Amino acid sequence: MPMKGRFPVRRTLEYLRKGAVALKDSVKVLTVNYNTHGEQSEGARKFVFFNIPQIQYQNPWVQIVMFKNQTPSSFLRFYLGDGEQVLVDVEGKNHRDILEHVQTILGKSQELQHAEELAKNVYSHPAHFGIKKYCLRECICEVEGQIPCPGLVPLPKELTGKFRAAQRMEKAV
């Protein structure tokens, strides 16, 4: 993909994965109110430009809504799952300060992120099978003592549905 547009590095996976803010599970919606002119909103504009893509990548379940030039001052509003709202004033702050403030208020701790990563990597119960990413086995035929896959080895006639249906028809006649 060609690197075109304003600051194309911010659209690379490497940049998006470096996002430090993983929001708590209770955060459902984030609204950003900022102005496109004025020195007081410079930090909010840079936060939207540089940090919002990282937050979106790290938190795909959070809805993020931008409101431009609708309020006299810049602020962030977080809507939590229990109906509570958290208002963060970002007027006159640097985008790094805003990011740090959001991390301390509604971000997951490093220990919690590490524990969730470990839990995600642990395989499911050995009786489950599916995609290797989530399960120990892809197919039931990998379990010792099971019938091999019909795609690799043909099933015995007694185990096929056509053979059983033909037997039932013979008995009925």
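Please read all numbers here as calculations on a predicted model, not as lab measurements.
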Does any non-hydrogen side-chain atom of R168 lie less than 4.5 Å from one of K171? no

At their closest point, which heavy atom of E91 faces which heavy atom of S74, and how far apart are they? OE1-N, 2.7 Å

Path from F78 to V21 over hydrophobic side-chain contacts below 4.5 Å: yes

Say you draw a straight line from CD of Q70 to OH of Y34; how long is it, rounded to the nearest 0.5 Å? 10.5 Å

Give a yes or no on whether I55 and Y15 share a hydrophobic cluster (residues Ile, Leu, Val, Met, Phe, Trp, Tyr; joining criterion: side-chain heavy atoms under 4.5 Å apart). no

Donor-acceptor contact present, side-chain D82 to main-chain E84, <3.5 Å: yes

Got F47 and V90 here, is their nearest side-chain heavy-atom distance under 4.5 Å? no

State plainly whether one hydrophobic cluster holds both M66 and V88, where clusters connect Ile, Leu, Val, Met, Phe, Trp and Tyr through side-chain heavy atoms under 4.5 angstrom apart. yes

Hydrophobic cluster identity match, V32 and L16, side-chain contacts under 4.5 Å: no

Can you hop from W61 to L106 via hydrophobic side chains spaced under 4.5 Å? yes

Would you say E100 has more than 12 foreign heavy atoms packed within less than 6.0 Å of its CD? no

Q85, CD: over 12 other non-hydrogen atoms inside 6.0 angstrom: yes

Does CD1 belonging to I131 count more than 12 external heavy atoms closer than 6.0 Å? no

What I want to find out is whether K108 reaches E116 closely enough, with some N-O distance under 4.0 Å, to be called a salt bridge. yes

Do N51 and H95 have side chains that approach each other closer than 4.5 Å (heavy atoms only, starting at C-beta)? yes

Is the side chain of S41 donor-acceptor paired with the backbone N or O of G38 at a distance under 3.5 Å, no angle test? no

Side chains of T71 and F67, heavy atoms from C-beta outward: is any pair under 4.5 Å? no

Report yes if the side chains of Q63 and K28 come closer than 4.5 Å at any heavy-atom pair, otherwise no. no

Verdict with supporting geometry, L76 and L30, side chain to side chain contact (heavy atoms under 4.5 Å, CB included): CA-CA 7 Å; L76 306 176; L30 161 62; 4.2 Å; yes

Got a donor-acceptor contact below 3.5 angstrom from the E42 side chain to the N94 backbone? no

Side chains of V27 and N59: closer than 4.5 Å at any heavy-atom pair? no

Taking the side chain as every heavy atom from C-beta outward, state whether L159 and R164 have any atom pair closer than 4.5 Å. yes

Quick check on Q146: does its CD atom have over 12 non-hydrogen neighbours (other residues, nucleotides or ligands) under 6.0 Å away? yes

Can you confirm whether V143 sits close enough to I140 that some side-chain heavy atom of one is under 4.5 Å from a side-chain heavy atom of the other? yes

Looking at N69 and T36, would you say the former's side chain and the latter's main chain have a donor-acceptor pair under 3.5 Å? yes

